[in-house]
Chemist: 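Structure provided below as structure tokens; questions to follow.
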There are 2 protein chains.
Amino acid sequence: MPTRTAEQRRQAERAAYDAYLAACPTRKLLDEIAGKWVSLVLVALGDGPRRYSDLSRRIAGVSQKMLTQTLRVLERDGLVRREVTPSVPVRVDYSLTPLGESLRALVAGFKDWAEANFDAVDAARADYDARTPDLTIEPGGAG
Amino acid sequence: MPTRTAEQRRQAERAAYDAYLAACPTRKLLDEIAGKWVSLVLVALGDGPRRYSDLSRRIAGVSQKMLTQTLRVLERDGLVRREVTPSVPVRVDYSLTPLGESLRALVAGFKDWAEANFDAVDAARADYDARTPDLTIEPGGAG
DNA sequence: CTGGATCCGTTGCGATACTG
DNA sequence: CAGTATCGCAACGGATCCAG
């Protein structure tokens with residue numbers, strides 16, 4: 001058997017592909033905004049600068065851990081600016097950078113698409129679910 | 001214990017927010033394309049109809065499970081059309097619906113953004129990492 | 001060729017406790 | 001007020017086996 005099996009070949013391909021993905025900007029960014037809170041933080045900052053506790057209230061369902069973690073990632077990527085005011089109670093303001101604002105606009109565009117096509121997607125789902133409840137019933141009498 | 005603690009209030013808010021998110025089209029769609037392979041399948045089908053094994057080769061690193069699962073979700077949402085040809089070896093072709101094509105275009109737009117701003121993000125990351133106090137790396141061979 | 005079922009590791013995310 | 005550190009759960013994703 002001089003040739004590798006399909007499974008073995010796939011594994012090799014996966015390894016190479018994995019390395020390829022590591023250098024893919026689109027994938028990296030997609031992985032990043034894929035998080036549950038990234039887009040929410042982005043839109044929450046759309047109004048303007050917000051304090052940490054402000055964001056916590058705006059997004060409401062977020063835990064401190066996730067809010068901080070999300071903000072850290074966004075800050076590291078230059079999407080969000082973190083401004084510390086060394087008051088007695090420490091005050092920290094977060095705001096979108098121009099880069100972050102452009103991404104927010106993109107997310108908004110996505111939101112626009114989702115809302116515009118929600119009906120169609122919903123209808124498709126209902127249709128799909130109706131056609132595959134058990135894979136047994138034949139609508140209209142097929143055959 | 002007269003008033004609820006901040007933690008308790010947050011939990012109540014989270015419950016309400018969770019219900020709110022369940023009805024949010026943007027979140028649902030975002031959760032959906034957030035998957036590792038959704039966008040890849042979308043772009044892989046951009047060329048035109050593809051067979052299952054074709055997609056498997058095009059995307060290369062994907063497992064059968066994830067490819068099938070991704071295609072199922074996309075089909076259910078009316079983004080992908082599944083066409084079965086009952087040959088002796090069963091043949092299945094997948095293609096984008098107009099709805100799926102519009103989403104593909106949106107993903108392509110995102111890809112465009114990612115590539116256009118990759119340098120800026122990368123620079124921001126390098127800057128952030130350079131300013132990080134305690135990283136494992138010690139510049140200048142200090143230590 | 002297509003893809004369903006199952007086992008298993010990894011990771012995201014939430015809850016909690018603690019610090020400055 | 002604004003975080004940091006740790007534990008635990010559940011979902012995501014991959015490998016493998018099995019079936020039509």
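Each chain gets a letter, A, B and so on, in the order its sequence line appears, and its residues count up from 1.
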Chemist: Can you tell whether the side chains of A:R76 and B:D129 come within less than 4.0 Å, N to carboxylate O?
Modeler: yes
Chemist: B:R82: what forms a salt bridge (charged side-chain N to carboxylate O under 4.0 Å, His left out) with it, not counting sequence neighbours?
Modeler: none
Chemist: In the 5'-to-3' direction, what one-character label does each nucleotide of nucleotides 3-9 of chain C receive under the scheme B = base within less than 4.0 Å of a protein heavy atom, S = sugar-phosphate only, - = no such atom?
Modeler: SS-B---
Chemist: Mind calculating the distance between CD1 (A:I59) and P (C:dG14) to the nearest angstrom?
Modeler: 11 Å
Chemist: Does anything in residues 112-122 of chain A form a salt bridge (Lys or Arg N to Asp or Glu O under 4.0 Å)? List the pairs, not counting sequence neighbours.
Modeler: A:K111-A:E115
Chemist: Under 4.0 Å between a side-chain N/O of A:W37 and OP1 or OP2 of C:dG14, yes or no?
Modeler: yes
Chemist: Could you give the CG-to-C1' distance, from B:D93 to C:dC1, as a whole number of Å?
Modeler: 12 Å
Chemist: Whole angstrom is fine here: how far is it from CG in A:L55 over to C1' in D:dG3?
Modeler: 14 Å
Chemist: Rounded to whole Å, please give me the gap between NZ in A:K36 and P in D:dA11.
Modeler: 10 Å
Chemist: For A:L99, is there any backbone N or O sitting under 3.5 Å from a side-chain donor or acceptor partner on A:S102?
Modeler: yes
Chemist: Would one find a side-chain N or O of A:R51 under 4.0 angstrom from OP1 or OP2 of D:dC1?
Modeler: no
Chemist: In terms of side-chain geometry, is the basic nitrogen of B:D127 or B:R131 positioned less than 4.0 Å from the acidic oxygen of its partner?
Modeler: yes
Chemist: Are B:R81 and B:D93 close enough for a salt bridge, meaning some N to O gap below 4.0 Å?
Modeler: no
Chemist: Without decimals, in angstroms, what is the distance between A:M66 CE and C:dT16 P?
Modeler: 17 Å
